[in-house]
Each structure stands twice: as structure tokens, then as C-alpha cells.
Amino acid sequence: MKERYNPHEIEEKWQRKWAEARIFQPEPDNREKYFITIPYPYLNGNLHAGHTRTFTIGDVVARYKRMLGFNVLFPMGFHATGTPIVGLVEQILKKDPETMRVYNKLHEIPLEILDSIKSSEQIVEYFSREAEAAMKSIGFSIDWRRKFTTTDPHYKKFITWQFNFLHAKNKVITGAHPVRWCPNDENPVEDHDILKGEDATIIDYTLIKFKLNGDILPCATLRPETVFGVTNLWVNPGILHVRLRVNNENWIVSKEAYEKLKFTDKKVELQGEVSGEELIGKKVSNPVTGSHVYILPASFVNPDNGSGIVMSVPAHAPYDYLALRDLKGADLTRYGITRDVSRIPLISLIKVSEYGKYPAMDAVIELKIKDQNDPKAIEATKLVYRREFHGGVLTETTGKYAGWSVAKIKDVLIHDLISQGIADVFYEFSEQPVICRCGATCVIKMVENQWFLNYSEPSWKEQVCKCLSGMQIIPPEIRVDFENKIDWLKDKACARRKGLGTRLPWDKQWMIESLGDSTIYMTYYIIANYLDKFEPDQLRDEFFDYCLMGNGDPEIVAGSTGINIDIVKSIRSDFEYWYPVDLRSSGKDLIPNHLLFFLFHHVAIFPEKYWPRAIAINGFVSLEGQKMSKSKGPLLTLKSAVKEFGADVTRLYILSTAEHIQDADWRTADVDATRKQVERFQKIACDILNSGNNNGELKLIDRWILSKLQHRIKETTDALNKIQTRRAVQNAFYLLMNDMKWYERRGGGVARKQVLDTWIKLIAPFMPHLCEEIGEEIGGNFISLSSYPRVNASLIDKNAELAEEVTSNTLKDIEEIIRLIRLKPKRVVIYTSPSWKREVLKRAIIMKKDKSLDMKNLMSALISDKTMKIHAKEIPKFAQKVIADIQGMDDELMNSLLDMDFNEISALNEAKQFLGREVECNIEIYSADSPEYDPQGKSRFALPMRPAIYIE
RNA sequence: GCGGAGGUAGCCAAGUGGUCAAAGGCGGCAGCCUCAAGAGCUGCUCUCGCAGGAGUUCGAGGGUUCAAGUCCCUUCCUCCGCACCA
């Protein structure tokens, strides 16, 4: 092996050898299988540091499991369906300057290649080739025979089967759903199409239909329960209203509301105009309570919001309360109203602990709000809403709903009102305006006859919950995220007009949405191994029914598809061997979407024994503290990281800098440091390999390093079992490195080769190339295929560990004293604990184990011991200290101290030369029982495990 | 608003109620090596201390306990997701 670390040479060599030996191309055999998958990358850019982290975690787990003896299947494919690739081609064809810059500079694509791209096929082709090369260059142990792309014709057959299956099971239904819509482009707008109002969400208001003779005045509200407390309606006298024919009803709304209604699923026809003035003073009937209330004027009514007509609940809505109060003494005779409307009695319907009967009034008083134009009115509204929503309970006013909490009644009530025909849903943006890139104001449009995956169906959710509860979720604390998201998930539109993908088999104008086509594709890796055996057209539904579901008869399937029957049977038996997925490991961004759908589709399609076993989640990667961005930068590609630092360093670094869902920060300075550590590792290995045969008897320090090694193995395997890569690297690499440094410094040598042999296996999942290179020198088969180290309990040597602890602590103490007295020592004398102190300690430990340790018991035991008598004066103080020390000891340490037959003097004597070398002075060691030389009586400070020191 | 994560030394970051003044790394300082620089190696790196000691720390404020970075309550701050988009 070369002295100098040349990662690229080593890495290419071993990648070639692995490929030639086909060691990562598993077939079913009699071993236990382990099927690990990582979500395939989407091909609208090059793989970056985020992929590097997620995929490397997968590779480390794959390699670890393989070394544990599992037959590991770790496949990879490419995702290309959906709209982004189509959009990218358009931009490239347009030579959009920003796109060209981003893809040339950030994604590192040469301009001549960018210029040559003319189609989405070329994009897919280019990025899939690049991705595969990148993944090979970092040494992933992927079975590349099984790769595919989601736009492959074979794959489309698989998706077609899946959707036919789901459709037959009533998992795909039709419906309508609201989308952000640009009336100018006549298209739904996505986030990146939005100029202003990107954060706006779609809120569903309830539209309550108040009746005015034959007309309907719909009032939009977020608080439909307050309909029981309506005292009047509000109309802004200054705005124009319109009369509409909506389905079979006559509506009056603001002109602005009419513009919005046009895009809903209602049939809307304009019939005429109505001024606000005209409406005021009329009486409408409340469709819920039947009461008749006035329409009154209010300036706060915004025609842009809702229907432009507002129902007034002054007991619970500060604006309503204020507007009513503002009318005090106003002359409304021109509207035909002669009474003082500000004296209309409030109607309370929610009881909440923070307020009295009329929360809106209390809030207005509390915040000292002047009138409806006071900006603080908004604050009061939010406050009352929040308190009533969370703590409010409906009163008798609400009839059969009395006693319900506000938070719980909402959905029930909306459902009731709509089914009675007295309410409707009305969608509105949470922020206005929302402006499209083209400059037009966006609206909310109901897309009708849309296909949905019926995720909201309770029995489906129940199945998913059952699946989840049987799964291992790593790290465990994110299980609650999954539970919440399952609960929150609604029906999902699963078809689109644009983009790449597979057509909905029964309604070909639609393309299957790309999150839906990537839910059970792990099964396809098993089929992908046989793709050269058949044409796409042969993959009829009955083929998948049999191979994936076990339904049907293989002979009939072979007959109808023309596929060889042995192949059909073989795929089925492969499926039975490899499935289910043992681990799906992914970035945390996929929790609320892909991973959820992954579970939903598995439970919908497969029997329980094929449900996924585990999910592991990891965080993102930032660059020098900055968030990475594919479209804006900064960006670090996998390719360039490997080119600059090598595969092993990149792998080691990115997995050692953060754990689980924490984000990892890529810092070049730290990566450089990691490279130095790897170089040092290589140098240590070289030294060991070149040091010749140093057989010999194991000394204390040799037993120490072997014992330490066992702890590192234990910690590393424990960490890897929990996919704690950072902890694993700490133990398998850095801490063991420090152990080895101490070992070398202490003059150890005999156990070096034994340690190295284990060490390269321990760290091999992280830096497989260098470990293979070192392993080759030692001899034997691929390290990648060797057995992972296991703890050898017989090598754990507590005596050696304690002895070494005494030695290093003593050295630290000596050095500290030297530093303090600032003298070059001429003579260093060490006194080990007198035997009586050791005896006290032992007795105390025994009492502690009996739970009988206290000062009284200990003292009475000691006083009755004749041999202790001569130390009677010192005993109480020492005993007190011992008791305090023991409080914090764990059982293991106490046992070692008890069982320890090790003699501090002999341990220190073994380290005598070493200590002398370190402090450059001769060392003398005595027992405090009988020190030969003790001019200052320092020996009386000697304690067990803590010798006294005298320096001249 | 809802849901989730988190605040630890100059920085990143570990931390199961008791060997925690707190792992590991980075940065910094000193020594060795070298003609020198770099690399490498060794030590130090909260404050004070010419004998191994003492004092004050884990966002802030309370509390439980013989014992709290770790448990409980209150409070402040930061980050992430909320969809039809991969």
C-alpha cells in the first residue's frame, strides 16, 4: 500500500473490483434477506449534498447489514414523471438566462451540452447517466441491474396496473377541488408562478343564506356557529352590488364577489345591479333561527372579502359590536328606520372563561377601542376568536348544539347547514391580492370531474395507522409526525393535464400525478431484473396480478402474455423472497407526502405481511450555514464533492456531522480536517502493516486497547442499529483513533495488527475503499463481504482499564502540579493509597449494594475493626468523602472496584518508564503504607485510584 | 393559527438525575520537529490559584430532589411543514 493517501486511485480500483466481482448483485438464497430502498432522485438536476447524505445513509446501512450476514438488496431508479422536467426543457429551449446560469454554474453542466438539449427525453437521459456515474463514484453498493426510469414504457404498464387496481377497489373517485387559478392564462398557478401572495392559502368560508323576500343575501363567515347570535346584517352603502341567478336562486352580492363566483362550480348569471343604499333598512330572515333582522350600514364591510355582505354578531365579534355602537344617535330615517339601533339587544351564544356574557364588548372595553375604524379592532377580533375557539362552549341559545366546544362543532355544523340547503362553501385567499407572473389577479377555481385518491376514507386511514403502529420509525420521536399527518391528510387529486407520466387507463385525457406513481415502485425493482425478457405490451394486468399479488394462475398468465412460464414463476418467487421493504430511508421533506402515500398504497394493495417494516428519516444539508437551493444556489454537487475530497472523506464527513433529523452543515474547513484524519488513519495503518511481526505476550496496555476496542464495537453496532451514523463514526473512527494514539504513546505494539484488522471492518461501511485497500494488505476476501466485528466479552478487561485510568490521571496530576509550581522537577515521588483506605472503600461499596450505606452504619462497622483503630482520627473525614463519592457510582464501576484484584503499585510500576519519559524526570513509587521517602508527609493524601504526589 | 423540532463554552456539537467544568471536532495558544514555512506530533484552551484546589456556568425565571444541563411549571427566542408541487 502506498504511504501517500490517493483517494481517487484507491476508489476507482475498488469500484472496478466490486463491479467485476458482481458482489452487489444479490439473488434470492437461503440467507435472511434485507431490502433497503431510498427514494429515487428526481431528474431535473444533478445530485447534490442533500442526496449525498440520504443515499450514503442508505449505503452504510446496506453495507452494515451485508456484513452482518444478510442478503442485501439495495436498488436504485430515477424519477422523471411530472411537470418540472417539461418546464426545464422549455426554459432551455428559450435560452432563459437564469436557467442557463443555474444549470451551467450550479449544476455544472457544460454549455455545449445544455445547448444540445432539445427534449425532455434528453434531459432524462443526461441526468440519469450523470446520477448513476455520481453514485458509482462515491461507492454505493447498488445493484445497478435493476435501474429504471419512471418514463420507461415497462414502468408505465406497472403504473397502469396499479391504478386499475386502485380504481377497482374504489380508492380512486371523482370530485371537484379548489385551485389557485389565473383567469388570464386559464391555468392553475403553482408556487413559482406567483408574483405576489405566495404565502396565501385557500380558506373555506361558510356562506349562510339570509332571505330577503325571494332573494338570498349570502354572508361569508369563518364562524358559522355564531349564526345563532345574528342581530342584523351589514351592508356598505357606498358599494355596488349585483343581482345574480346562482343555480336556481336569486343572490345579491358585491360586484367583486360576483367575479369570484364565476369560477366556482355554480352556474352564475348576472341579472342587474343593486346599490347598497337600496338594501339598508330592509329586514331579512335568519335561515337558522327564523328571526327577522335589519340590514344596517357599515363602512368596514369590504366588497373584496367574501360576498360583500356581512352577518352581525355583536356579542362575539368586536367589529359588529363597534359598528352597532357607532350608529348610536345616527339618523337612519331615510332607510325607514326610526328606532335607535344601537340598543338592539346582543345575543350571547358562547361561554368562555376569560370574558363575561358579551366577549366582544369586554374586549372592546379592555383594549379601549374607539370605533370600527380603530386599527386595534383587528387585534380584538383575533383575541376573541382565539379564546372562543379554544375555550368556548356553546350555550342554550344554540339549541341542540348547546354544550359543544366551539373547536369541535365547526365541521358538524357546516355539514348540517349545507345539507339543509341554507349554507354553502365559499373559498377565499388568506391574503389578497394573489398576483400571477403574467400580472393578472388570481382567483380560486373549482376544477370539476377531477380524479382523487380517496385518502380521507376512515377505513383506509385506519389501516395505515395499523401499519404504522407495527413499523419501526427512526428516530422514534417522529412517529407522532406521521400520526398527525395521517389524520390531516385529505383526498388528493391524482391526475393532471400537463407533464410526463402514465395516462389514467380509464380516462386517457388525464396524466397520473407523479406522487401517485411512486408509491409501490419498490416492487418494480424485483421485476426490473427481468426487463430484457419481455416487451412492454406483454406486461398486462394479469401479469402483475400474479407476480405481485399472487392472484391468478401462472400458466394462464404465461399463455395470455406470452412470457415464459418459468420467468413468471421466478418473478413471483423473487417477490415472495424480497418483499416487504425492510427499510425506507429518506429526507424529512417526504414525510407529509411521499412517505405517507407509500404507506397508504401499500396497505391498500398488499396483504399485511408485505407492509413496510421501517422508515428512517434524515435532515437536510446546508453549505457553510446557508440553506442549499437547487434553483438559486448555493449548491454542492455529489460529483464535485467526490472530485475534490474523494468518496471516503465525503461519506465519512457528511454522516459524522449530524444525526437523524438534524440538518448537517457542510463546511469546507471541517471537511479538510476530516481528510487529514483519514490520511492519519491511512498512515497509522501503513505503520502497523510495515512494523513487521511483533508477536509477544500481551502486556497491560495491550489488554487495555483490546478492551477499549470492545467498547467501541459495542457502541458502534448499537449506533448503527439505530441508524445513528454520527455516533457510529465517533466511536468507530475518532474515539478509536484517540485510543490508538494513547496506545502508541504508551509504547503498545503487540495488539496493533489485531486492532487494525477489526478497525477496518468496523469503519468499512463508512469508508469502504480505503478499508478494502488496507484489507488487501492484510489478506483475505473483500472487506465489504467480511463479517462485521462483534464484541468479544473475554477481551473486556476492567483491571486494565482501571490501571490505565490511574496512570493517565496520575500523569495529569503531576503535569498540573509542575505547571503550577513552574519548576523543572528533579524528583517525582508517587504514593499509592494505604490499605486501610482501600478497605474503607470496599466496605462502603458493599453497604451501598445492600442499600445500608450511611455514615452511622459505616462508622460503627469500622470502629469495631481492630486494624482500623490506629487510623481512628482520619477515618470520619475519609468515610464522609467515600460516601459522597459512591453516591454517583454505577453498579458496573462498583463491581470493578470490588472485584479488582489489581494493585495500583504494580500498574504504576508498569507505567513507570512511561511516566518518567513524559515528565522528563525519574519516578519513584511507594505505598503510603510504608513510604521510604516522604519529607513533606504527602503520602497521607493518597486515595484509592488517586495516588499522592511529591515533587522536588 | 395548527403541528413539530430546538436554544450547552469563541464556533459546530454530544449529553440515560449522581466521576459533568460537561465527549468529539473546528478555531486559538504553547512546546517538539524543521534552516524556515507547511504538515505531523504533544499539551493547554470558563475564572482565579507557585501542590493536584476553589468559584461561577448549560436561553431566562421559579420549583421538585440528599443531588438537575438532565424532571415539573412559567416565560422569551430560533427553525421547519401546512398540499395537489416534486
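So you know, we letter chains A, B, ... as the sequences are listed, proteins then strands, and number each from 1.
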P spacing across the pair A5(B) / G31(B), given as an integer number of angstrom
49 Å
Taking only the side-chain nitrogens and oxygens of Thr83(A), find out if one of them lies under 4.0 Å from OP1 or OP2 of A86(B).
yes
Measure the distance from CD1 on Ile886(A) to P on C66(B) and round it to the nearest whole Å.
20 Å
Contact class for Ile478(A) (heavy atom, under 4.0 Å): base, sugar-phosphate, or nothing?
nothing
Using atom NE2 of His594(A) as one end and atom P of A83(B) as the other, report the distance to the nearest whole Å.
20 Å
Quick check on C32(B): is either OP1 or OP2 less than 4.0 Å from any side-chain nitrogen or oxygen of Arg917(A)?
no
Sugar-phosphate, base or nothing in reach of Tyr385(A), heavy atoms under 4.0 Å
nothing
From the list G4(B), A51(B), A86(B), which nucleotide is the closest neighbour of the side chain of Ile821(A)?
A51(B)
Any strand, both distances under 3.5 Å, Watson-Crick or G-U wobble: G1(B) pairs with C82(B)
From C80(B), G24(B), A83(B), pick the nucleotide closest to the side chain of Lys490(A)?
A83(B)
If you check every side-chain atom of Lys938(A), which of A14(B), A51(B), C11(B) has the closest atom?
A51(B)
Does G43(B) have OP1 or OP2 sitting under 4.0 Å from an N or O in the side chain of Arg819(A)?
no
Using side-chain hydrogen bond (donor to acceptor under 3.5 Å, both in side chains) as the criterion, point out the one residue from His601(A), Lys171(A), Lys492(A) that pairs with Tyr455(A).
His601(A)
To the nearest Å, how far apart are Asn731(A) CG and G24(B) C1'?
10 Å
Interatomic distance, Ile763(A) CD1 vs G24(B) P [rounded to whole Å]:
17 Å
Within the structure shown, what part of the strands sits under 4.0 Å from Pro475(A) by heavy-atom distance: base, sugar-phosphate, or nothing?
nothing
From G52(B), A14(B), C41(B), nucleotide with atom closest to Glu816(A) side chain:
G52(B)
State yes or no: are the ring centers of Phe914(A) and Trp742(A) separated by less than 6.0 Å?
yes
With heavy atoms under 4.0 Å as the rule, sort Asn809(A) into base, sugar-phosphate or nothing.
nothing
Would you please indicate if the ring centroids of Tyr40(A) and Tyr521(A) are separated by under 6.0 Å?
yes
Between P on C12(B) and OH on Tyr653(A), what's the gap in Å once rounded to a whole number?
13 Å
Side-chain (Lys461(A)) to main-chain (Leu489(A)) donor-acceptor, under 3.5 angstrom
yes
When rounded to whole Å, the CG to P distance for the pair Asp670(A) and G10(B) reads 18 Å
Does G6(B) have a Watson-Crick or wobble mate here (both distances under 3.5 Å), and if so which one?
C77(B)
If the P atom of A13(B) is compared with that of C79(B), how far apart are they to the nearest Å?
15 Å
On RNA chain B, compare the nucleotides closest to Asp665(A) and Leu735(A); which residue's is nearer the 5' end?
Asp665(A)
Among C84(B), G52(B), A86(B), the nucleotide that comes nearest once only the side chain of His79(A) is considered
A86(B)
Given Arg946(A), which partner from the list Asn809(A), Thr810(A), Thr832(A), Asp813(A) fulfils the side-chain hydrogen bond (donor to acceptor under 3.5 Å, both in side chains) test?
Asp813(A)
Kindly point out which of C11(B), G52(B), A86(B) is positioned nearest to the side chain of Arg667(A)?
C11(B)
C58(B) and U8(B): how far apart are their P atoms, nearest whole angstrom?
11 Å
Under 4.0 Å between any heavy atoms, over every strand shown, what does Ile814(A) touch: base, sugar-phosphate, or nothing? Just pick one.
nothing
Report the nucleotide, chosen from A86(B), U19(B), G4(B), that has the shortest atom-to-atom distance to any side-chain atom of Pro84(A).
A86(B)
Classify Glu659(A) by what it touches in the nucleic acid, base, sugar-phosphate, or nothing, heavy-atom distance under 4.0 Å.
nothing
Contacts of Ala658(A) and Phe452(A) projected onto RNA chain B by closest heavy atom; the upstream (5') one is Ala658(A)
In Watson-Crick or G-U wobble terms, both distances under 3.5 Å, what is the partner of U34(B)?
none
Rounded to whole angstrom units, what separation is found between the NZ atom of Lys676(A) and the C1' atom of C26(B)?
11 Å
Write down the distance between CG (Leu596(A)) and C1' (G4(B)), rounded to a whole number of angstrom.
15 Å
Of the nucleotides G52(B), G81(B), C84(B), which has the atom closest to the Ile949(A) side chain?
G52(B)
Rounded to whole angstrom, note down the P distance from G69(B) over to C80(B).
31 Å
Using purine N1 to pyrimidine N3 plus N6-O4 or O6-N4 for Watson-Crick, or N1-O2 and O6-N3 for G-U wobble, each under 3.5 Å, what pairs with A23(B)?
none
Should Val678(A) and Tyr5(A) be marked as a side chain to side chain contact (heavy atoms under 4.5 Å, CB included) after you check the CA-CA gap, both sets of side-chain angles, and the distance that decides it?
CA-CA 8 Å; Val678(A) 172; Tyr5(A) 180 51; 3.7 Å; yes
If you measure from the C1' atom in C11(B) to the same atom in U19(B), how many Å do you get, rounded?
28 Å
Of the nucleotides G52(B), G3(B), U42(B), which one has an atom closest to the side chain of Asn484(A)?
G3(B)
Please report the distance separating the C1' of G7(B) from the corresponding atom of A36(B), rounded so that it comes out in whole Å.
47 Å
Side-chain N or O of Gln677(A) less than 4.0 angstrom from OP1 or OP2 on G24(B)?
no
Say you pick atom P in G53(B) and the same atom in A22(B); how far apart are they, in whole Å?
12 Å
Would you confirm whether the ring centroid of Tyr653(A) sits within less than 6.0 angstrom of the ring centroid of Phe645(A)?
no
For the side chain of Arg180(A), starting at C-beta, report the closest nucleotide among G24(B), A83(B), C84(B).
C84(B)
For C73(B) and U64(B), measure between their P atoms and round to the nearest Å.
15 Å
With both distances under 3.5 angstrom, what nucleotide forms a Watson-Crick or G-U wobble pair with C71(B)?
G63(B)
Searching all strands shown, indicate the nucleotide that pairs with A14(B) (Watson-Crick or G-U wobble; both distances under 3.5 Å).
none
Counter-base of G53(B), judged by Watson-Crick or G-U geometry with both distances under 3.5 Å:
C48(B)
With side chain to side chain contact (heavy atoms under 4.5 Å, CB included) as the test, would you mind laying out the steps for Asp517(A) and His79(A) before giving the verdict?
CA-CA 10 Å; Asp517(A) 80 5; His79(A) 196 198; 3.6 Å; yes
Quick one: label Ala673(A) by what it contacts on the DNA or RNA (base, sugar-phosphate, nothing), any heavy atom closer than 4.0 Å.
sugar-phosphate
Would you confirm whether the ring centroid of Phe55(A) sits within less than 6.0 angstrom of the ring centroid of His51(A)?
yes
